[in-house]
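Written below as structure tokens is the structure these notes are about.
Letters go in sequence order (proteins before strands), and every chain restarts at 1.
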2 protein chains.
Amino acid sequence: MASSARRGPYICGIDAAMDVVSGKWKSLILWELDSHGTRRFGELKRSLPGVSEKMLIQHLREMEEDGLIHRKVFREVPPRVEYSLTEHGKTLNEALRPLGAWGKERIERLAREGTLAT
Amino acid sequence: MASSARRGPYICGIDAAMDVVSGKWKSLILWELDSHGTRRFGELKRSLPGVSEKMLIQHLREMEEDGLIHRKVFREVPPRVEYSLTEHGKTLNEALRPLGAWGKERIERLAREGTLAT
DNA sequence: CGGCATCCGACCGGATACTG
DNA sequence: CAGTATCCGGTCGGATGCCG
């Protein structure tokens, strides 16, 4: 399986949480689903400029397996699949909020100091 | 330079924060330094079972470059180097706390449900 | 003691092509 | 539309050996 999550023995809480959100786009997916409530595969793809379908689906599957998101398939033609956050996903997003705020401040500080790499 | 951090243009705060803490041991280093205030290289190494010297020093250097930790060299024989958190490192650790709590709950839930991979 | 240099395997993630 | 399959390169990270 192309699973990157360890789901293994964890040293501490941070370790376990990082395991679940590590992956280039996962936090962005969380963010996106939290903002819009529900998103289709294509919408998600368009929301994350630069993501490949492979990585997107891989991340989505892992996040589903981790109980963070829900995948609802509509047996229609053309096919439709909607992704949304589970309760765990929502609480994770809440837990991520302070980190996001910290990062935001960091971005602003870097911009002010002109330390941003060219 | 063997730098894994992008320090590049960020999409959002989470993105910027994840950039700084991604790396197998960084959050643990943060945790360790926060608990003990100051740690020598060898102590840190012993605190993180399984870490290689290469990764430890690499992470420490990146975290120093990112302004998260302070490196103090004592010109003695034998040499001594002490690492400690900067103010930014401390605030990052604070921002990480909810995530750690979330992860801790996740570990407990996994244990209860016996879902932990063998 | 506290590093640095080098080699190397694993896997993370991108590009492309194909399918129901 | 929403994937799957395959190939492939770059990087992450471990092992080993050497140095001030």
TODO: Looking at every strand, decide which applies to B/F74 at a 4.0 Å heavy-atom threshold: base, sugar-phosphate, or nothing.
DONE: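 Contact class for B/F74: none.
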
Open item on the list: Categorize B/R71 for me: base, sugar-phosphate, or nothing, with a 4.0 angstrom heavy-atom threshold over every strand shown.
Closed with: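 Sugar-phosphate, no base atom in range.
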
Output the rounded distance in Å from [atom1] ([X]) to [atom2] ([N]).
X	N	atom1	atom2	value
B/R75	C/dC1	CZ	P	18 Å
A/Q58	C/dC12	CD	P	8 Å
A/L28	C/dG13	CG	P	13 Å
A/E62	C/dC11	CD	C1'	12 Å
A/L60	D/dG3	CG	P	8 Å
A/L56	C/dA15	CG	C1'	16 Å
A/K45	C/dG14	NZ	P	11 Å

[X] side chain vs [Y] backbone, donor-acceptor pair below 3.5 Å:
X	Y	answer
B/T38	B/S84	no
B/S27	A/I14	no
B/N93	B/L30	yes

- [ ] Return the angle between end axes of the helix from C/dC1-D/dG20 to C/dG20-D/dC1, with five pairs used per end and rounding to 10°.
- [x] 50°

Open item on the list: Taking the minimum atom-to-atom distance to the side chain of A/I57, which one of D/dG3, C/dG2, D/dC1 wins?
Closed with: D/dG3

Open item on the list: Within the 3.5 Å criterion, strictly below it, is a donor on A/H88 or B/R106 matched to an acceptor on the partner's side chain?
Closed with: no

Task: A/Y83 and A/R71: side chain donor to acceptor below 3.5 Å - done: yes

Task: Qualifying residue, where the test is side-chain contact (heavy atoms from CB on, under 4.5 Å) with A/M63 and the options are A/L92, A/I69, A/L33 - done: A/I69

- [ ] For B/H70, check side-chain hydrogen bond (donor to acceptor under 3.5 Å, both in side chains) against everything at least two apart and list the hits.
- [x] none

Open item on the list: I'd like to check the side-chain hydrogen bond (donor to acceptor under 3.5 Å, both in side chains) partners of B/E82; sequence neighbours left out, ordered by chain and number.
Closed with: B/R80

- [ ] Mind checking salt bridge (Lys or Arg N to Asp or Glu O under 4.0 Å) for A/R97 and listing every partner two or more places apart, or none if nothing turns up?
- [x]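 If we apply the salt bridge (Lys or Arg N to Asp or Glu O under 4.0 Å) test to A/R97, skipping adjacent residues, the hits are A/D34, A/E94.
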
Open item on the list: Please list, in numerical order, the residues of residues 37-44 of chain B that have a heavy atom closer than 4.0 Å to any atom of DNA chain C.
Closed with: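 Result for residues 37-44 of chain B: B/R40, B/F41, B/G42, sorted by number.
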
TODO: Using a 4.0 Å heavy-atom cut-off, write out nucleotides 14-20 of chain D from 5' to 3' as B (base contacted by protein), S (sugar-phosphate only) or - (no contact).
DONE: BB----B

TODO: Give the cluster check for A/L60 versus B/I11: same hydrophobic cluster or not, with ILVMFWY residues linked at side-chain heavy-atom distances below 4.5 Å.
DONE: yes

Task: Linked, directly or transitively: B/F74 and B/V77 (ILVMFWY side chains, under 4.5 Å) - done: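 B/F74 does not cluster with B/V77.
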
Task: Phosphate-side-chain proximity, A/R61 and D/dA2, N/O vs OP1/OP2 below 4.0 Å - done: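 No, because none of the side-chain N or O atoms of A/R61 sits under 4.0 Å from OP1 or OP2 of D/dA2.
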
